[in-house]
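Following: one structure in structure tokens, then a few remarks.
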Amino acid sequence: MSKADVRAMAAAHGLHDLAELPSAPCLSSRIETALRIEPQILRAVDRVETLIRGELSPDTVRCRVRQTAVVVELDETTLSRLSDADRVELARKIADAFDGQPPIHFQAYVRGSAFLREQSA
């Protein structure tokens, strides 16, 4: 079923609110290929994205889990507003969500770039 099919089915059953919801990528798309998708990792990704939305109100945020690091992608405008001190504080909070383990990196979000960045990482 395509997204359009799901929207049409929801509308046909009177679920107009659901039919009009914007699409959102699955959290599992944030996990690098070949890494095991674990519930606690998905919760950490959601926690980080919720935290950043609450603190920075970005147009776009993606928390990507890679083999070597956690990469937080933000729209250019939001990323450019972050001072070095802001980055250090955010990185501490993000590391807490992942039990303090991985290094944290910030970079600009580019639509459709997850696969390309995964290949170049």
Partner of Val48 by side chain to side chain contact (heavy atoms under 4.5 Å, CB included), out of Asp46, Val45, Leu51, Ile52: Ile52

Glu20 to Arg7 - nearest heavy-atom pair and separation: C-NH1, 3.8 Å

Shortest non-hydrogen contact from Glu49 toward Leu27: OE1-CD2, 4.1 Å

Partner of Asp75 under side chain to side chain contact (heavy atoms under 4.5 Å, CB included), chosen from Val61, Thr60, Val110: Thr60

Check: Gln67 main-chain N/O paired with Glu32 side-chain donor or acceptor under 3.5 Å: yes

Rounded distance (nearest 0.5 Å) linking atom SG of Cys26 with atom CD1 of Ile31: 9.5 Å

Reported CZ-to-CG distance for the pair Arg30 and Leu42, which is rounded to 0.5 angstrom: 10.0 Å

Stepwise side chain to side chain contact (heavy atoms under 4.5 Å, CB included) check, His105 with Arg66: CA-CA 11 Å; His105 301 288; Arg66 305 261 164 72; over 6 Å; no

Side chain proximity check, Cys63 to Val70, heavy atoms < 4.5 angstrom: yes

Same cluster (ILVMFWY, side-chain, under 4.5 Å), Val72 and Val88: no

Test item: Asp5 side-chain N/O and Ser2 main-chain N/O as donor-acceptor pair under 3.5 Å: yes

Neighbour count >12 (heavy atoms, 6.0 Å) for atom CG, Asp84: no

Step-by-step side chain to side chain contact (heavy atoms under 4.5 Å, CB included) determination, Ile94 to Phe106: CA-CA 11 Å; Ile94 293 164; Phe106 296 93; 4.0 Å; yes

Approximate separation, where rounding is to 0.5 Å, of Tyr109 OH and Arg64 CZ: 6.5 Å

Spacing of Gln40 atom CD and Arg47 atom CZ [to the nearest 0.5 Å]: 13.0 Å

Heavy-atom side-chain proximity of Leu90 to Leu56 below 4.5 angstrom: yes

Considering all heavy atoms, the nearest Ala108-Glu76 contact: CB-OE2, 3.2 Å

Side-chain heavy atoms of Leu82 within contact of Glu89, under 4.5 Å: no

Met9 side, atom CE; Leu15 side, atom CG - distance, nearest 0.5 Å: 10.5 Å

Results of side chain to side chain contact (heavy atoms under 4.5 Å, CB included) for Ser80 - residues two or more places apart only: none

Gap between atom CZ of Arg81 and atom CG of Asp86 - 0.5 Å precision: 9.5 Å

Ile37 versus Ser28, closest heavy-atom pair with distance: CD1-CB, 3.7 Å

Distance-minimising heavy-atom pair for Pro58 and Arg53: CD-CA, 3.7 Å

